[in-house]
Number of protein chains: 2
Amino acid sequence: MSYTAPIKDMLFAMKELAGLDDVAALPGFEDATAETAQAVLEESAKLCGEVLAPLNVEGDRNPSSWRDGVVTATPGFKDAFRQFAEGGWQGLQHPADYDGQGLPKLIATPCIEMLNASNLSFALCPLLTDGAIEAILTAGSEEQKQRYVPKLISGEWTGTMNLTEPQAGSDLALVRTRAEPQGDGTYKISGTKIFITWGEHDMADNIVHLVLARTPDAPEGVKGISLFIVPKFMINDDGTLGARNDVHCVSIEHKLGIKASPTAVLQFGDHGGAIGYLVGEANRGLEYMFIMMNAARFAVGMQGIGVADCAYQKAAAYAKERVQSRPVDGSAKQSVTIIHHPDVRRMLASMRAMTEGARALAYVAAAHCDIAHNHADAAVRAEHQAIYEYLVPVVKGWSTEMSIDVASLGVQVHGGMGFIEETGAAQFYRDARILTIYEGTTAIQANDLIGRKTLRDGGAVAKTLIAGVAQTLDALAAHEGTAFASMRARLADGHRSLAAVVDFVLANAKQDPNAVFAGGVPYLKLAGIVLCGWQMARAMLASAANEAGDPSFCGAKIATARFYAEHVLPQAAALEASIVSARGGEGVFALTEDQF
Amino acid sequence: MSYTAPIKDMLFAMKELAGLDDVAALPGFEDATAETAQAVLEESAKLCGEVLAPLNVEGDRNPSSWRDGVVTATPGFKDAFRQFAEGGWQGLQHPADYDGQGLPKLIATPCIEMLNASNLSFALCPLLTDGAIEAILTAGSEEQKQRYVPKLISGEWTGTMNLTEPQAGSDLALVRTRAEPQGDGTYKISGTKIFITWGEHDMADNIVHLVLARTPDAPEGVKGISLFIVPKFMINDDGTLGARNDVHCVSIEHKLGIKASPTAVLQFGDHGGAIGYLVGEANRGLEYMFIMMNAARFAVGMQGIGVADCAYQKAAAYAKERVQSRPVDGSAKQSVTIIHHPDVRRMLASMRAMTEGARALAYVAAAHCDIAHNHADAAVRAEHQAIYEYLVPVVKGWSTEMSIDVASLGVQVHGGMGFIEETGAAQFYRDARILTIYEGTTAIQANDLIGRKTLRDGGAVAKTLIAGVAQTLDALAAHEGTAFASMRARLADGHRSLAAVVDFVLANAKQDPNAVFAGGVPYLKLAGIVLCGWQMARAMLASAANEAGDPSFCGAKIATARFYAEHVLPQAAALEASIVSARGGEGVFALTEDQF
């Protein structure tokens, strides 16, 4: 597999849409200049293109394997992980105090996109380690931070998130794993966790499991869940590794995709008890998990964008090479490369436009996160934090939903060859399929978008974003030509649809929660389509301003945005209709359970 | 895997929507009463549910295998095929003169749906045999018909279609396989054919390959292609099998799905020449192939409906059993089965509504085909043939496109378990992915819909169907209540959208073929959505008339149709916008080749 990081597109989105200069002006981010960003992206592109992408197919054909409790990663992965770690990539967005690079999320995000584009299975290991780092930094003691974070950042150790149990998937209230206090400050953890990504492997010396469990006196439900660190190997006081802890991988799953990433069933405490350390306060585990889950959800959104871009690159390359049939317009007597056929071009343009839109919105969200963390003014921080939090379920939900469609179009562009595994297009279709499920299904994201992100503040943030779209509409009016006219018309429709749906959600959630939540995923998709469309419109405006200097690049941006306007944005009205006119899910519940 | 054929739904669509009584009144179909239909469907359901469905997962885990030119089908398949053949199922819709059952397509179609629902890989073998039978009956000599058809119908032999070559996929003008006349009426065939479904296997004694090839003096392009019969084993004059012919399977493909069906690379004539027999006249091969391809394309549409229904059944069963989270409306303090969660119910309703709509349209198309073949009046035959031909690309294209979405929703309903291969939901997602590709990609169907089916008759058939929708709209107006109001409003929108798009296609195809063809797949989807929606509306009307007798069944039909109206039909306007307002693909071509 080959992957070329679209550095120029990435830098464009960072500078022109996400405001890299503003981020670099924040206290603590003084080094985050455009030059730094470009240098970091170029290094990252090298590692991803040269080391990780070539291993992607290998990981699919020769997945991580389990034998007697030991998991061996796909050949080549261990060495690649060493290169990743030595390059300092795990620490990109983590604080310098713990040996991280302390770069803004806006610069880390394109690197994470590249990682995922080149090798989704590999990228999951750093993704989960980021989650563990975030959890410990958020809620851990200073001693825990010192003990674990530098080793996680150096890649000597990796991290995992242990939430799911057979009976507790989306519903963490059902977590049953037990944590018995031992009187010495430690706990004995016992239970079974499933779906633990990179839960066991041979790429690093130790694995730091972050585990949700209940203490004996904990209240029922989600308010009785605590967070524990359970290392695979105990850690001596001098930092060296000690005895093997009682956490064992009893099997790994046989999955549809992301086969190189071992998905472990972990058994805690079958041989005397696994020693665990409480993180933060007891019974606040879910709260800590949610903090780190925002980061993980955003990262899964980036997985969607990464896999979509790689699928697009592969399909475009094939379409420029495969010769088949004469053009429908009679412009040639011979068969031509299939990129000349209208539907192939439509599919490629769809893939490209959806990927670019999702990328732009994600980078904009990353910049909000940076401002929320580093701005000098607390009020500004809070405002941007709220916007970031609204965007997280949209980035996660929409980028992953669109990635499945994009990967499927990628198969279609390849025709019959797309169905043959050797071609490689099918791997994206299989790999992408998990993204709308893990770290919270799209419905869970939609519940979050409705409940915590729309209802809780009375729609304030949603309306701020909708007002932002209106400003861009005004700016579009100053431009002429078909592309701008299309975008103005279609974005205006999208703007109206999103506003109408937000009003509907606010007005009806209390009286008719079933109907409103049945419209949740459509609302999330609508928000994704319109907010990404907004960024495409902003990209048009920026491109029009720069067109003289770089006509082909800017022309492509404008043409892609026009395609988005004409072929993606019209769905907004359909989604609005199925929420507002149909009163959400009223009709969904017209079918009784036994009628299904 | 378990599959229960929805016999009651099928009979409803056959009787109330497709007009089974009218079909049974046609000359030659006197036995095709509702009682016969029910009896046939019940027998078919038994075979499919008890014999074929249990083999579906086995075929995925233990695909057909190749060794030294010999292909061995998945264990159990050979015996199942014998049962299929002995039951007379291959002959269902073929003439009694050649040992078939001579039943209408309207009765054969639900049986074919069941076959595909229970085991897509298995069903492909009869599907291709049907194609071979059709080709020989259409263009073969009486001697060829007598020699081959009864053996194909009895299941002693099976058939294949050999079109594709490495350089000739969608573009059959590029076919290079040679056919040298031997002076004795036979030909020596040489060349390589790829993607030959069930091209080699051990389920039957002989395989009858239908092969496209060129004679030495043939004109270039599609006008120089002839059709040949090339049997795997030669046939002696007494009908017994003779020498092995020189056609050999050199490999089979490693595919994303339908793994039990071997996809062969066949090498003709590497060892002295494969003996072939011309079918019909030389250079008319493509024309014959197209006749049988209409049947095969319709059958692939049924594959989509079958796999969608089975994915739906599996997801619904899981949703009624899996307990997770409390209801959002606070109606219970405990966790409930996930079918109570609004988004799960929305997904299930989508799966159900799209499948029912596609089934209804396909059965209606089958009835048109029956009238086109058996009506006493030639003018009536021609009229129905034209409608059938318009509907074939819609049934093929739309039923298969929706089947991918339905199978994907099926995975999503299962959450994390859906991604684990053991669960079985992922197999549908993999299997379905071929359906929009083989027997002509969706774009090829769309080209057919525009070129041969809309432009050629100046939109006459399209407008007949659109007028039919208008009649149903009038009938809906006589009913009250939310469900009917929703359907009336949304179907009216869909009706307007389809009419506008047909007008656009007619007005612009000549001047701007690229733009119109870039809107081809959107047009096909729009036609699918609106015409299936029309059938859903007709189902509502029929259900309202029968509601007193069977309130739950009829109530479910009305509720499903309402869901279709509120959640599927609104997409029609979005598709119209991306064709008409966007002037088809103008914007698609705004991006130049090197900008991709």
Side-chain angles (χ1 to χ4, degrees), chain A residues 169-171 174 195 253-256 316 324-325 328-329 335 339 342-343 345-346 348-349 404 408 411-412 415-416 419-422 426 429 433-434 436-438 441 443 513-514 517-518 520-521 552 556 559-560 562-563 566-567 570-571 573-574 577-578 582 585 587-588 590-591 593 595-596, chain B residues 169-171 174 195 253-256 316 324-325 328-329 335 339 342-343 345-346 348-349 404 408 411-412 415-416 419-422 426 429 433-434 436-438 441 443 513-514 517-518 520-521 552 556 559-560 562-563 566-567 570-571 573-574 577-578 582 585 587-588 590-591 593 595-596:
Chain A
S170 299
D171 186 3
L174 304 178
F195 294 166
E253 307 291 350
H254 174 218
K255 306 193 299 296
L256 174 63
Q324 201 77 176
S325 300
V328 288
D329 63 2
S335 297
I339 197 169
D343 193 61
R345 196 166 283 213
R346 182 189 64 81
L348 291 174
I404 296 176
S408 185
V411 172
Q412 190 73 16
F419 200 66
I420 307 298
E421 285 289 3
E422 211 173 20
Y429 176 74
R433 193 62 197 80
I434 188 59
T436 59
I437 296 173
Y438 64 19
T441 62
N514 280 326
F517 281 91
V521 169
S552 174
T560 306
R562 176 184 168 187
F563 182 91
E566 293 176 346
H567 294 262
Q571 297 167 37
S578 68
V588 174
L591 274 163
E593 180 178 351
Q595 284 175 325
F596 279 96
Chain B
S170 299
D171 186 3
L174 304 178
F195 295 167
E253 307 291 349
H254 173 220
K255 306 191 300 293
L256 173 63
Q324 200 77 177
S325 301
V328 288
D329 62 2
S335 298
I339 196 169
D343 193 60
R345 197 164 282 212
R346 182 190 63 82
L348 291 174
I404 296 176
S408 185
V411 172
Q412 190 74 16
F419 200 65
I420 306 299
E421 285 289 2
E422 212 172 18
Y429 176 73
R433 193 62 195 79
I434 189 59
T436 59
I437 297 173
Y438 63 19
T441 63
N514 280 325
F517 282 91
V521 170
S552 175
T560 305
R562 176 183 168 188
F563 182 91
E566 293 176 346
H567 295 262
Q571 297 167 37
S578 68
V588 174
L591 276 163
E593 179 177 352
Q595 284 174 325
F596 279 95

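Bear in mind that the values here come from a model prediction, so they are computed numbers and not experimental data. Chain identifiers are assigned alphabetically (A, B, ...) following the order of the sequence lines, protein sequences preceding nucleic acid strands; residue numbering begins at 1 within each chain.
Interface remark: Tyr438(A) contributes no atoms to any contact with chain B (heavy atom separation under 4.5 Å). Of the atoms belonging to Phe596(A), heavy atoms from both backbone and side chain fall under 4.5 Å from chain B. Of the atoms belonging to Ala443(B), heavy atoms from both backbone and side chain fall under 4.5 Å from chain A. For Ile434(B), the parts sitting under 4.5 Å from any heavy atom of chain A are the backbone and the side chain alike. Heavy atoms of Arg433(A) lying under 4.5 Å from chain B belong to its backbone as well as its side chain. Both the backbone and the side chain of Arg345(B) come within contact range of chain A, judged by heavy atoms closer than 4.5 Å. Of the two parts of Phe563(B), only the side chain, counted from C-beta on, holds a non-hydrogen atom closer than 4.5 Å to a non-hydrogen atom of chain A. Of the atoms belonging to Ala349(A), heavy atoms from both backbone and side chain fall under 4.5 Å from chain B. Residue Leu174(A) touches chain B through its side chain alone, counting heavy-atom pairs closer than 4.5 Å. With a 4.5 Å cut-off on non-hydrogen atoms, Leu348(A) touches chain B through its backbone and its side chain both.
Heavy-atom pairs under 4.5 Å with chain B peak, among Ala590(A), Gly415(A), Ser408(A), at Ser408(A). Interface remark: of the candidates Arg562(B), Lys255(B), Gln412(B), Gln412(B) forms the most heavy-atom pairs closer than 4.5 Å to chain A. Comparing Ala316(B), Gly520(B), Ala577(B) by heavy-atom pairs within less than 4.5 Å of chain A, the highest count is held by Ala577(B). The candidate from Pro342(B), Ala573(B), Gly416(B), Ala556(B) with the greatest count of non-hydrogen atom pairs under 4.5 Å with chain A is Pro342(B). Among Leu591(B), Thr436(B), Thr441(B), Val521(B), the residue with the largest count of heavy-atom pairs under 4.5 Å with chain A is Leu591(B).
Scanning all heavy atoms of the two residues, the minimum distance from Ser325(A) to Asp171(B) falls at N-OD2, 2.7 Å. Of all non-hydrogen atoms in Ala574(A) and Ala574(B), the two that sit nearest each other are CB-CB, 4.4 Å. The shortest non-hydrogen separation linking Gln571(B) to His567(B) is NE2-O, 3.6 Å.
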Test side-chain contact (heavy atoms from CB on, under 4.5 Å) on Thr560(B) and Gln595(A); report intermediate values, then the result.
CA-CA 10 Å; Thr560(B) 305; Gln595(A) 284 175 325; over 6 Å; no
Determine whether Tyr429(B) and Ile404(A) satisfy the following criterion, side-chain contact (heavy atoms from CB on, under 4.5 Å), listing intermediate values before the conclusion.
CA-CA 11 Å; Tyr429(B) 176 73; Ile404(A) 296 176; 3.6 Å; yes
Does Val411(A) form a side-chain contact (heavy atoms from CB on, under 4.5 Å) with Ile437(B)? I'd like the steps, not just the answer.
CA-CA 9 Å; Val411(A) 172; Ile437(B) 297 173; 4.0 Å; yes
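Other residues, nucleotides and ligands contribute only 12 or fewer heavy atoms inside 6.0 Å of the CD atom of Glu422(A).
Under the 3.5 Å distance criterion, the side-chain polar atoms of Gln324(A) are matched with a main-chain donor or acceptor of Ser170(B).
Distance NE2/His254(A) to CD1/Ile420(B): 9.5 Å, rounded to 0.5 Å. The CD atom of Glu566(A) sits 9.0 Å away from the OG atom of Ser578(B) when rounded to the nearest 0.5 Å.
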